[in-house]
Amino acid sequence: MIAEVLLPIPVNQSFDYRLPESQTAVVGQRVLVALGTGKANNTPRQITGIIVAIKETSPYPDASLKPILALLDSFAIVDRAWLDFIQFTARYYAAPLAKLLINALPKHIRSDSPLTLPKLRYYQLTESGISAHKTEILPTRATKQRALLRFLHDQDKIPINEALVREQGFTAHDITTAVDKGYATYTLTSPYHSEENVCSPDYQLTGEQQALLDAITTAPDNKTHLIYGVTGSGKTEIYLQLIEKAINTGQQVLLLIPEISLTPQMLARFHERFGNRVAALHSGLGDKVRADIWLAAMNGDLPILIGTRSAIFTPFQRLGLIIVDEEHDLSYKQQEGIPYHARDLARYRAHQHNIPIVLGSATPSLESLYQVKKGHYQLHQLVTRATQATQPTIHLIDRRGDKQASHAGSSANLPIAEILLQKIRQTLQRQEQALVFLNRRGFSPVMMCRHCDWKSECPTCDAYQTAHTRARQLHCHLCGYICPLPTQCPQCGQRDLIFVGHGTEKLETQLQAQFPHHHVLRLDRDKQTTTNQLHAALEQIHNGDAHLIVGTQLIVKGHHFPNVTTVCVVDSDQALFSSDFRAEERLLQQLTQVAGRAGRESQQSHVYIQTTLPTHPVFAALQQQDYLTYANNLLAEREKYELPPHHAITIVKASALDAAPLMQFLRDVKALIDDNSQALTTLGPAPSPIERLKNRFQAQLFISAPSRMALQRELPLIEKAITHLDKSRRFRAVIDVDAMEN
DNA sequence: AGCACGCCGACT
DNA sequence: GTCGGCGTGCTC
Ligand SMILES: [Zn+2]
Ligand SMILES: [Zn+2]
């Protein structure tokens with residue numbers, strides 16, 4: 001027999017190997033194979049691959065086929081449905097299959113070390129163990145064995161988990177001895193198996209929630225549902241009940257959430273309800289645990305998996321429901337490597353398994369609203385806050401006129417209007433919390449010399465290095481280049497350097513000076529570098545230790561702070577001047593989410609937005625709390641200009657040391673596409689918004705198609721054009737299918 | 001990805 | 001003359 005093996009090398013094909021007669025193998029099993037001649041080391045290199053097909057014959061001559069060196073495990077680590085999913089993904093994003101394999105498989109599974117299914121041992125006494133205990137046949141010096149037999153005998157619930165036995169001070173050796181002597185025996189059970197009932201709370205669903213739940217559960221299986229629910233409207237309870245229904249019929253559930261929402265509190269809520277039936281894939285997990293979760297999901301042992309973007313690649317034996325929370329969130333789109341979108345892939349997987357998929361958001365993406373409009377998604381609304389918290393009032397602070405002052409460079413200058421400072425002061429005096437949102441890390445985005453024209457330009461990028469005074473460094477936020485913070489001008493030597501503009505670090509310092517008796521907490525990726533630090537900071541906000549919070553994006557997502565009654569948005573105008581056609585959608589989502597952070601039942605909360613464009617319609621929409629209407633207006637605008645989601649776009653992004661050959665390359669790609677495709681429209685090429693990055697010129701070619709399907713049909717043409725025109729890969733061209741950022 | 005092969009400039 | 005640079009192509 002011949003096994004067709006997929007190898008983790010970036011080639012768009014699989015390899016045939018001879019399967020020894022004695023071996024029986026199945027699709028999805030891991031194998032060790034040799035590849036190449038390996039003349040240098042005298043041995044060909046050995047790699048771990050996955051069997052994708054087993055067949056009688058191979059198109060390759062028998063003599064050229066190498067044997068499979070070893071079957072690494074006795075079971076398959078993926079199934080056919082998974083392989084089909086990976087194949088679809090590779091095609092859709094024009095990526096080599098094996099590159100996806102590398103992306104999708106946990107490291108430990110890609111290695112050649114043998115895997116074992118994660119099982120816990122549950123112990124109980126054998127007949128001979130029971131009589132040995134009762135007749136006290138064991139010598140008195142065998143104290144540990146006697147104690148162990150007594151302990152196992154006295155349990156009301158048997159068999160008993162190994163961990164509980166170990167807790168009593170029995171070592172692994174004590175236990176194996178009892179097993180070896182025939183006194184005890186064990187059964188293997190999944191660590192995610194539970195005999196306990198799901199712990200439903202005596203929580204009364206609102207009429208709206210109940211109606212929504214009924215609508216989803218009675219809908220046909222292959223439906224996509226979009227829940228539009230304002231913060232606090234009880235989306236999570238809906239998810240929990242849907243999950244419970246699914247696992248009660250023996251199905252598995254995948255819940256995708258943004259990285260930032262995966263907090264201990266969130267997990268605690270799931271564990272409280274579902275006990276050990278839940279596993280979470282988060283960044284802190286080790287390779288071994290990831291592999292265990294993978295295998296448990298694959299063989300059907302794991303009922304519920306909560307995970308971030310990459311969890312979409314987990315194989316399931318009986319997947320019955322997919323939920324994508326905060327479906328608008330940008331973190332679902334991978335930016336580097338294969339630019340896949342987990343929400344879009346989730347839709348494919350649901351379709352593939354013929355199961356329902358539920359998307360939820362307080363600010364649905366235009367992509368999803370478009371699908372609603374086309375009748376592909378069913379829209380459900382949760383308009384009343386289940387917790388009775390009142391909607392915040394939104395105020396605009398007109399910053400026309402005093403904008404110059406904050407740009408003058410004096411660090412004494414606060415980027416916050418005097419009236420806002422008063423509001424913050426009053427809030428703190430009332431023992432309530434205030435939150436200041438500024439989406440810029442660091443102390444100041446630029447450093448300048450007042451004597452000459454020196455600015456803190458990154459030596460390798462078209463960008464300024466941000467000053468981080470705490471760390472005494474200049475950081476380039478694009479390429480990561482770091483150098484010490486200069487104390488005198490690197491160009492003229494004068495000690496007259498100033499910090500221009502505001503970042504969270506500067507704002508923190510200034511606000512601490514304004515409110516010396518209150519605890520000012522900064523929340524950003526510089527201050528909280530690890531997830532644990534972030535969770536600790538969030539806890540400080542929840543328990544009231546922090547009074548005034550200054551933060552970036554990090555505070556926008558997912559968390560509700562009931563005691564925050566005042567929210568200030570320092571600067572929202574950047575988005576309105578952006579060249580990205582999605583900037584306005586983003587701004588509306590971001591501001592709606594920021595507003596959703598605040599408030600509780602008894603207290604009226606306020607959101608203050610500083611802007612130099614107070615008449616912009618996005619603010620009126622925000623004040624009327626009318627996300628859907630405004631989003632639909634944006635959607636109409638996108639249609640008019642033939643932009644996504646009405647049209648599909650893909651961007652060919654390339655870079656090189658010199659601009660001229662790079663632009664020529666992209667012009668050649670454009671010409672090839674224009675000559676060979678009716679459906680595709682090209683625009684550009686043009687230098688990227690950041691023209692130079694790490695000393696390489698960046699340029700891009702926009703390609704638009706009337707639909708995603710049309711784009712898919714023509715994608716091989718784009719691929720061919722690139723591989724043909726850039727054989728040496730010196731332009732590092734990548735195709736960003738359904739690009740989200742430009 | 002790795003590795004071999006091959007074709008040119010430059011260095012004992 | 002050969003050493004090594006990398007551009008090109010192959011691996012079942
Ligand atoms: Zn100077
Ligand atoms: Zn840089």
Side-chain angles (χ1 to χ4, degrees), chain A residues 1-72 78 83 86-87 89-90 93-113 287 310 313 334 336-340 654-658 660-662 664-665 668-669 695-696 716 719-735:
Chain A
M1 294 292 261
I2 309 291
E4 201 178 316
V5 177
L6 194 56
L7 298 173
I9 55 173
V11 178
N12 236 341
Q13 84 222 20
S14 46
F15 294 80
D16 287 354
Y17 286 88
R18 213 161 3 89
L19 201 55
E21 292 303 322
S22 55
Q23 307 267 35
T24 47
V26 293
V27 166
Q29 240 176 322
R30 295 191 312 155
V31 290
L32 192 67
V33 295
L35 184 71
T37 53
K39 273 186 186 162
N41 318 325
N42 240 349
T43 38
R45 69 180 164 134
Q46 300 190 348
I47 19 183
T48 302
I50 294 177
I51 299 179
V52 291
I54 291 170
K55 51 195 186 181
E56 298 279 345
T57 56
S58 166
Y60 290 89
D62 216 42
S64 69
L65 293 183
K66 290 181 181 171
I68 277 178
L69 298 176
L71 286 170
L72 290 170
V78 295
L83 289 168
I86 290 297
Q87 254 153 33
T89 308
Y93 292 107
L97 198 51
K99 206 176 157 191
L100 250 148
L101 208 61
I102 297 165
N103 222 283
L105 291 176
K107 232 207 228 103
H108 192 242
I109 291 185
R110 268 185 288 139
S111 79
D112 58 5
S113 45
D287 290 340
S310 62
F313 292 115
Q334 181 153 70
E336 70 283 332
I338 302 150
Y340 70 89
S655 69
L657 292 172
D658 297 306
L662 174 65
Q664 189 54 52
F665 161 70
D668 292 344
V669 173
N695 263 336
R696 294 178 68 88
E719 261 184 289
K720 250 178 250 157
I722 288 172
T723 43
H724 177 237
L725 293 167
D726 186 18
K727 289 203 175 82
S728 65
R729 308 266 318 125
R730 72 194 158 117
F731 298 118
R732 297 184 192 171
V734 291
I735 306 174

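Proteins get letters first, then strands, A, B, ... in listed order; numbering begins at 1 in each. Remember, predicted model here, so these are calculated numbers, not experimental data.
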- Message: Counting only side-chain heavy atoms from C-beta out, which of dG2(B), dC12(C), dT8(C) sits nearest to Arg45(A)?
- Response: dG2(B)
- Query: Nearest-Å distance, CG (Asp726(A)) to P (dG7(C))?
  - Reply: 11 Å
- Message: Please check: side-chain N/O of Arg30(A) versus main-chain N/O of Ser111(A), any donor-acceptor pairing under 3.5 Å?
- Response: yes
- Query: Does Asn12(A) use its side chain to pair, donor to acceptor, with the backbone of Leu97(A) at less than 3.5 Å?
  - Reply: yes
- Item | Phosphate-side-chain proximity, Lys727(A) and dT8(C), N/O vs OP1/OP2 below 4.0 Å | no
- Message: Heavy atoms from C-beta onward define the side chain here; which of dC12(C), dA1(B), dT8(C) lies closest to that of Tyr17(A)?
- Response: dC12(C)
- Query: Rounded to whole angstroms, how far apart are CD1 on Ile51(A) and C1' on dC12(C)?
  - Reply: 14 Å
- Item | Interatomic distance, Leu7(A) CG vs dC10(C) P [rounded to whole Å] | 17 Å
- Between P of dC10(C) and CD of Gln13(A), the distance in whole Å: 10 Å
- Query: Glu4(A) has an atom CD; how far is it from atom P of dT11(C), in whole Å?
  - Reply: 16 Å
- Message: In this structure, how many angstroms lie between the C1' atom of dT11(C) and the CD1 atom of Ile47(A), rounded?
- Response: 9 Å
- Task: Evaluate the side-chain proximity of Phe665(A) to Asp726(A): yes if any heavy-atom separation is below 4.5 Å, no if none is.
- Result: yes
- Note on the structure: Whole-Å distance, Phe15(A) CZ to dG2(B) P, equals 13 Å
- Val33(A) near the nucleic acid: base, sugar-phosphate alone, or nothing, with a heavy-atom cut-off under 4.0 Å? nothing
- Item | Spacing of Arg729(A) atom CZ relative to dC6(C) atom P, expressed in whole Å | 18 Å
- Run through Leu105(A), Val78(A), Leu100(A) and flag the one making a side-chain contact (heavy atoms from CB on, under 4.5 Å) with Phe313(A). Leu100(A)
- Query: Are side-chain heavy atoms of Ile51(A) and Leu71(A) found at a separation under 4.5 Å?
  - Reply: yes
- Message: Categorize Ala98(A) for me: base, sugar-phosphate, or nothing, with a 4.0 angstrom heavy-atom threshold over every strand shown.
- Response: nothing
- Among dA4(B), dC12(C), dG7(C), the nucleotide that comes nearest once only the side chain of Leu65(A) is considered: dC12(C)
